[in-house]
Amino acid sequence: MAQLIDGKAVAARVRAEVKADVEKLKAERGLVPGLTVVRVGEDPASKIYVTGKKKAAEEVGFNSWEEHPDASLSEDELLAIVHRLNEDPAVHGILVQLPLPKHIDSERIISAVKPEKDVDGFHPMNAGKLSLGKPGLRPCTPFGVMRLLEEAGCNPSGKRAVVVGRSNIVGKPMALMLLAADATVTVCHRKSNLAAEVANADIVVAAVGVAELIKGEWIKPGAVVIDVGMNRMPDGKLKGDVEFEKAKDRASFITPVPGGVGPMTIAMLMRNTLIAAKGGV
C-alpha cells in the first residue's frame, strides 16, 4: 500500500522556511517582502482563495494587501491598478486572482504585470524562461509538485513521467519542470491512449479536472502518483483525477485529495514572493 504524501505537512515546512528567510532578510537588509492580491468582484471561490493567501502571507511575515475593485470596472481601470502596483517599491509580488469578469482579457492583464513581480509565474516572459531552462518565477502548483516529489525521495532523473493535462497553468509547466529534472516526459490529452501511457509511468501527475479519470488498475506498481485534481461531487465530497482507493494499492507514494497538492500552491506562492523580494532566483 502506498505511503501518503502529506501536502499540509510539507506546505507547513515550506512556510516555516520562508518565515526564517524573511526574518533574516529583515535583519540584514531591513526589507520586508510585500504581496498584493488583486481580486475583482465577488466570486465566492476567489474570496476563499484570497483569504487563504492573505493568512499565509501574514504567517510568514510579509506585508500583505488586497485590491478589491468592483466587477463592473473596465479593463483599462484594472490595467491602471496593475501599473500602479508595478511602480510601488513596497510591492514585490502581484497576483491577479482568476477568473476575471468576462469583459476583461485575462491574458492582457497578466502580461501587464512586471515579470519580476509575477509571483503566479504566468507572464509570457516567465513561461518563456521556463521553456528555455532559464531561472525565473515558476507557476506555483507545478513548483509545489516538484517539492512533493523531493519530499517523497523521488528523483525524476531517468524516470518515465506522464503528465495528464496540458493547461498553461499546470500541465505544460509541469512537463517542462520534469524535463528540466531529466525525466522522460509524456504529456497526455483527450486523444491519448491514457491506459497505455499511465501503465508505463514511474511518475504520474494528473491535472485534468475529471473525477477518477485515471483508473487505479492502470498505475504501474511502485509508481509515484501526484493528483492535482480537485472535483466536487454531488454529495459535496472532493475527489481527485485518480481513482484513489485502487491506485493506493499499487503506487509507492500518492497524494490524497484534499490535503495533497492543494496546500502546496499557496506555500509556493510565498516562496515566489520571497524570491521576487530578493531580486530574482
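Both backbone and side-chain heavy atoms feed into the values below; hydrogens, waters and symmetry mates do not. Remember, predicted model here, so these are calculated numbers, not experimental data. Residue numbers count from 1 along this sequence.
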Exercise for the section: Go through Asp70 and Ser72 one step at a time and tell me if the side-chain hydrogen bond (donor to acceptor under 3.5 Å, both in side chains) criterion holds. Expected result: CA-CA 5 Å; Asp70 190 79; Ser72 63; 2.7 Å; yes
Practice task
Apply side-chain contact (heavy atoms from CB on, under 4.5 Å) to Lys239 and Phe244, showing your working.
Solution key: CA-CA 8 Å; Lys239 283 194 175 178; Phe244 179 82; over 6 Å; no
Handout entry: Candidate pair Val10 and Asp6, rule side-chain contact (heavy atoms from CB on, under 4.5 Å), full reasoning
Key = CA-CA 6 Å; Val10 178; Asp6 188 344; 5.6 Å; no
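Here the straight-line distance linking atom CG of Leu269 with atom CG of Leu274 works out to 11.5 Å at 0.5 Å rounding. Interatomic distance, CD1 of Ile254 versus CD1 of Ile5, reported as 8.5 Å (0.5 Å rounding). Remark: Glu23 CD to Lys26 NZ distance equals 9.0 Å, nearest 0.5 Å. Rounding to the nearest 0.5 Å gives a distance of 4.5 Å between CG of Leu176 and CG of Leu130. Atoms CG and CG, on Leu100 and Asp105 in that order, are 9.5 Å from each other to the nearest 0.5 Å. In this structure, His83 NE2 and Glu87 CD are separated by 9.0 Å, a value rounded to the nearest 0.5 Å.
Clustering ILVMFWY residues whenever any of their side-chain heavy atoms sit less than 4.5 angstrom apart, transitively, puts Ile109 in the very cluster that holds Val37. Val261 and Leu178 fall within a single hydrophobic cluster, where Ile, Leu, Val, Met, Phe, Trp and Tyr are joined by side-chain heavy atoms under 4.5 Å apart, directly or via other members. Taken together through direct or relayed side-chain contacts under 4.5 Å among Ile, Leu, Val, Met, Phe, Trp and Tyr, Val163 and Met264 form part of one hydrophobic cluster. Under the 4.5 Å side-chain heavy-atom criterion for grouping Ile, Leu, Val, Met, Phe, Trp and Tyr, Ile94 is connected to Leu73 within one hydrophobic cluster. Criterion: ILVMFWY side-chain heavy atoms under 4.5 Å apart, direct or through other members. Under it, Val257 and Leu148 are not part of a common hydrophobic cluster.
At a threshold of 4.5 Å between non-hydrogen side-chain atoms, the residues Pro33 and Leu25 count as touching. Inter-residue side-chain proximity for Leu35 and Lys54 is flagged as unmet; no heavy-atom pair is nearer than 4.5 Å. Looking at heavy atoms from C-beta onward, Val224 lies in side-chain contact with Leu149 at the 4.5 angstrom threshold. Taking the side chain as every heavy atom from C-beta outward, Val82 and Leu85 never approach each other to under 4.5 Å. Between Val162 and Cys188 the shortest side-chain heavy-atom distance falls below 4.5 Å. Residues Phe62 and Val32 form no side-chain contact, since every pair of their non-hydrogen atoms from C-beta on lies 4.5 Å or further apart. Between Ile214 and Ile219 the shortest side-chain heavy-atom distance falls below 4.5 Å. Using a 4.5 Å heavy-atom threshold, the side chains of Val225 and Thr255 count as separate.
Side chain of Glu197 to backbone of Leu194: no donor-acceptor contact under 3.5 angstrom is found. Remark: side-chain polar atoms of Asp182 are not paired, donor with acceptor, to backbone N or O of Ser157 under 3.5 angstrom. The backbone N or O of His123 sits less than 3.5 Å from a side-chain atom of Asp118, completing a donor-acceptor pair. A side-chain donor-acceptor contact under 3.5 Å links Asn86 to the backbone of Lys114. Without hydrogens or angle criteria, Ser131 side chain to Ala127 main chain gives no donor-acceptor distance under 3.5 Å. Of the possible donor and acceptor atoms, none in the side chain of Asn126 sits under 3.5 Å from a partner among the backbone N and O of Gly121. Side chain of Asp120 to backbone of Phe122: no donor-acceptor contact under 3.5 angstrom is found. Side-chain N or O atoms of Lys237 include none that pairs as donor or acceptor with a backbone N or O of Arg232 at under 3.5 Å. With hydrogens and angles ignored, the 3.5 Å screen pairs a side-chain donor or acceptor of His68 with a backbone N or O of Gly41. Ser252 contributes a side-chain N or O that, together with a main-chain N or O of Gly222, makes up a donor-acceptor pair within less than 3.5 Å.
In this view, Glu217 satisfies the salt bridge (charged side-chain N to carboxylate O under 4.0 Å, His left out) rule with no residue, not counting sequence neighbours.
With a 6.0 Å radius and a threshold of 12 heavy atoms from other residues, nucleotides or ligands, Met230 has its CE atom above the threshold. A 6.0 Å sphere centred on NZ of Lys215 holds more than 12 heavy atoms belonging to other residues, nucleotides or ligands.
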Sequence neighbours excluded and cut-off under 3.5 Å, please list the side-chain donor-acceptor pairs for residues 202-213, or say none.
{"unit_1": "Asp202", "atom_1": "OD1", "unit_2": "Lys220", "atom_2": "NZ", "d": "2.7"}
{"unit_1": "Asp202", "atom_1": "OD2", "unit_2": "Arg160", "atom_2": "N", "d": "2.8"}

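Note on residues 136-153: pairs passing salt bridge (Lys or Arg N to Asp or Glu O under 4.0 Å), not counting sequence neighbours, are Arg13-Glu151, Glu17-Arg147, Arg147-Glu151.
Nearest heavy atoms, Ala183 versus Ala161: CB-CB, 4.1 Å. When every heavy atom of Ala181 is checked against every heavy atom of Met146, the shortest pair comes out as CB-CE, 3.9 Å. Looking at every heavy atom in both residues, Val14 comes nearest to Ala267 through CG1-O, 3.7 Å. Listed here is the closest heavy atom pair of Val119 and Gly93: CG1-CA, 3.7 Å. Here the closest heavy-atom approach between residue Pro115 and residue Leu137 is recorded as O-CD1, 3.6 Å. Residues Cys154 and Lys159 share a closest heavy-atom pair of SG-CD, 4.2 Å.
Using a 4.0 Å cut-off between charged nitrogen and carboxylate oxygen, Arg271 and Asp21 count as a salt-bridge pair. Between Arg15 and Glu59 there is a salt bridge, since at least one side-chain N of the basic residue sits less than 4.0 Å from a carboxylate O of the acidic one. Between Glu245 and Lys248 a salt bridge is recorded (basic side-chain N to carboxylate O distance below 4.0 Å). Using a 4.0 Å cut-off between a side-chain N of Lys or Arg and a carboxylate O of Asp or Glu, Arg108 and Glu75 qualify as a salt bridge.
The side chain to side chain donor-acceptor pair (under 3.5 Å) test with Arg39 singles out one residue from Glu66, Glu67, Gln97, and that residue is Glu66.
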